[in-house]
Amino acid sequence: MTSADTIRAIIEKRAATNDEWQAGVEKCWEELADVLTDDINVTRKFLLEDCTADEASWVSEVYDDIVRKTQSGEYIDLLRKSIERFPEEAEKYHMSDNLGIAVRTMFFR
């Protein structure tokens, strides 16, 4: 299984998880954040070349985890570029706002 396949499998699992089952949602978030923070080059390729708009919106659920775990300007820039790829999804799901909150939270914890 490729890295993109692994990321997609986690996203599919999250999409199939009932939002009311908090423990299941949090487990998916943890898995997704772990794989996306493991290797920035894999994450860059996925977010800037491979992912769909829908997948990008699911990734936005873990922006705060990615920012917290990496505390990296390079990752933050990568997430911003990913948002720019899908302006309609970004607006619909407030992706820029979510990233902004994650970044501000990083500095005020």
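No single ILVMFWY cluster, assembled from side-chain heavy atoms under 4.5 Å apart, contains both L32 and I101. Both L48 and V62 sit in one connected hydrophobic cluster of ILVMFWY residues. Membership requires side-chain heavy atoms under 4.5 Å apart, directly or through other members.
With rounding to the nearest 0.5 angstrom, the CD1 atom of I66 is 10.0 Å from the CD1 atom of I40. In this structure, CG on L36 lies 5.0 Å from OG1 on T43, to the nearest 0.5 angstrom. Between the CD atom of E31 and the CD atom of E26 there is a distance of 12.5 Å, given to the nearest 0.5 Å. How far OG of S60 is from CG of L79: 10.0 Å, rounded to the nearest 0.5 Å. Remark: Y75 OH to R80 CZ distance equals 15.5 Å, nearest 0.5 Å. Atom CG of L78 and atom CG of L47 lie 5.0 Å apart (nearest 0.5 Å).
Under a cut-off of 6.0 angstrom, the local environment of CD in E88 is sparse, with at most 12 non-hydrogen atoms contributed by other residues, nucleotides or ligands.
For R44, the side chain to side chain donor-acceptor pair (under 3.5 Å) partners at least two apart in sequence or on another chain are N41, E74. Annotation: side chain to side chain contact (heavy atoms under 4.5 Å, CB included) contacts of D54 (sequence neighbours excluded): T52, S57, W58. Residues forming a side chain to side chain contact (heavy atoms under 4.5 Å, CB included) with C28 (at least two apart in sequence, or on another chain): K13, R14, T17. For K69, the side chain to side chain contact (heavy atoms under 4.5 Å, CB included) test picks out A33, D34, T37, with sequence neighbours left out. Shown here are the side chain to side chain contact (heavy atoms under 4.5 Å, CB included) partners of K45, two or more places apart in sequence or in another chain: E49, D50. For the side chain to side chain donor-acceptor pair (under 3.5 Å) test, no residue two or more places apart in sequence or in another chain qualifies with E84.
Here the closest heavy-atom approach between residue N18 and residue V25 is recorded as O-CG2, 3.6 Å. Residues C51 and F86 share a closest heavy-atom pair of O-CZ, 3.4 Å. Annotation for F46 and R85: closest pair O-NH1, 4.3 Å, computed over non-hydrogen atoms.
The shortest side-chain heavy-atom distance between V67 and T105 does not fall under the 4.5 Å cut-off.
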Run the numbers on E61 and Y93 for side-chain contact (heavy atoms from CB on, under 4.5 Å), then give the verdict. CA-CA 10 Å; E61 289 190 340; Y93 295 105; over 6 Å; no

Could you walk me through whether I76 and Y63 pass the side-chain contact (heavy atoms from CB on, under 4.5 Å) test, one step at a time? CA-CA 9 Å; I76 293 166; Y63 283 172; over 6 Å; no

